[in-house]
Protein chains: 2
Amino acid sequence: MLVSTRGRYALRVLTDMAEHPSEGYTPLKEIAERQGISEKYLESIVKTLVQEGLLLGLRGKCGGYRLAKTPEEIPVGEVLRSMEGSLAPVSCLEEGQPACPREADCRTLPMWTGLDRVIRDYLNGYTVADLVSAGGI
Amino acid sequence: MLVSTRGRYALRVLTDMAEHPSEGYTPLKEIAERQGISEKYLESIVKTLVQEGLLLGLRGKCGGYRLAKTPEEIPVGEVLRSMEGSLAPVSCLEEGQPACPREADCRTLPMWTGLDRVIRDYLNGYTVADLVSAGGI
DNA sequence: TGTAATCATACTGTTTTGGTAGGTTTATTC
DNA sequence: GAATAAACCTACCAAAACAGTATGATTACA
């Protein structure tokens, strides 16, 4: 049931960027240093965030990344789903999955469906902006 | 974020036993056949359930397993926690974990704590008895 | 004493996870 | 137009987790 480090790191990157707004683009190196995460590892994470439309990347000198939306418009659930592929607690609830043959007789499906809903509702009611303003110190 | 097959199978075993009550002890072979799961694999799962006090095992001829409590007294959350070790979505929320050095400054901890609560509340409000009565066909 | 069951231990193959390395392309600046 | 700093791309690797199998010892009952 653990969220992967990819998911957690992605949230830290987006929160970091929301906390350090910039006119232009922020190079990944800067974020990696602030967060104490390997820049090379972050590359693969950030790549996914660009593909999912949460970040914009610009190449070349003075390039880097910037948020594609305001922090208020980025739900935590969307970030985690982007990184994990799905938020579903069991694979039969993942989209594009063929229907389970046991479905009609399954004793646990309603319980899983409810859990899925509870998790999704919680995570989509929480945005990156909330993360920033909730933070410590 | 997926629940392991161990957790899912454990729920199926307990639900199966609740649905097929017996005076004495039910041999694992019977449950494995009804559920279409390898008996050998179930052995390791059931062993954990005994250790966690959810099942009682009896050796020898006419032996088997029986529920240690009524289905109403077995919350789904307890079953899953027994199998997964913890229900926490991030390891810093697991019990017996040394406090994270970033804790005071962590932007995401309150969000994770809330998620943990939401999941635990949901899963502990659902019992094996509910699974049985919710079921299909 | 035979038998049917739990219990214990060890092993194995596959997938996922977390991470590294090296090179290519692109945009800016001098 | 060359140097540079950045994103981007591909490949690889080690360790851990997962799902499952195999073998054998122990126990309780008939």
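Keep in mind it's a predicted model, so treat the numbers as computed, not measured. Just so we're on the same page: letters track the sequence lines, and every chain starts at 1.
The side-chain contact (heavy atoms from CB on, under 4.5 Å) check on B:Lys61 picks up nothing, with sequence neighbours excluded.
For B:Tyr9 and D:dC18, the OH to P distance is 14 Å, given to the nearest whole Å. One can place OH of A:Tyr25 at 14 Å from C1' of C:dT28, the figure rounded to the nearest angstrom. The interatomic distance linking B:Met83 (CE) with D:dA19 (C1') rounds to 12 Å, in whole Å. What separates CG of B:Leu42 from P of D:dT21 is a distance of 11 Å, to the nearest Å. Here the C1' atom of nucleotide C:dT6 and the CZ atom of B:Arg66 are 16 Å apart, to the nearest Å. The distance between atom OH of A:Tyr41 and atom P of C:dT16, rounded to the nearest whole Å, is 14 Å. Nucleotide C:dC7 holds its P atom 14 Å from the CD1 atom of B:Ile45, rounded to whole Å.
Here D:dA28 is the nucleotide among D:dA5, D:dA28, D:dA19 with the atom lying nearest to any side-chain atom of B:Lys61.
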Working note: A:Glu73 + A:Thr70, criterion side chain to side chain donor-acceptor pair (under 3.5 Å); need CA distance, chi angles, decisive distance, verdict. CA-CA 5 Å; A:Glu73 292 169 328; A:Thr70 68; 3.3 Å; yes

Does the salt bridge (charged side-chain N to carboxylate O under 4.0 Å, His left out) test come out yes or no for A:Asp16 and A:Arg12, once each step is laid out? CA-CA 6 Å; A:Asp16 182 280; A:Arg12 281 170 63 183; over 6 Å; no

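Looking only at distances, no side-chain donor or acceptor of A:Tyr126 sits under 3.5 Å from a matching main-chain atom of B:Gly114. At distances below 3.5 Å, at least one donor-acceptor pair connects side-chain atoms of B:Glu84 with backbone N or O atoms of B:Ser4.
We find the OG1-CG distance between B:Thr108 and A:Asp130 to be 13.0 Å, quoted to the nearest 0.5 Å.
Under 4.0 angstrom from either OP1 or OP2 of C:dG19 there lies no side-chain N or O belonging to A:Ser44. One finds a side-chain N or O of B:Thr5 lying less than 4.0 angstrom from the OP1 or OP2 phosphate oxygen of D:dA19.
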What does the list of N/O pairs under 3.5 Å between the protein and nucleotides 7-14 of chain D look like, with a distance for each?
residue : atom : partner : partner atom : Å
D:dA7   : OP1  : A:Leu28 : N            : 2.7
D:dC8   : OP2  : A:Tyr65 : OH           : 2.8
D:dC8   : N4   : A:Glu43 : OE1          : 3.4
D:dC8   : N4   : A:Glu43 : OE2          : 3.1
D:dC9   : N4   : A:Glu43 : OE1          : 3.1

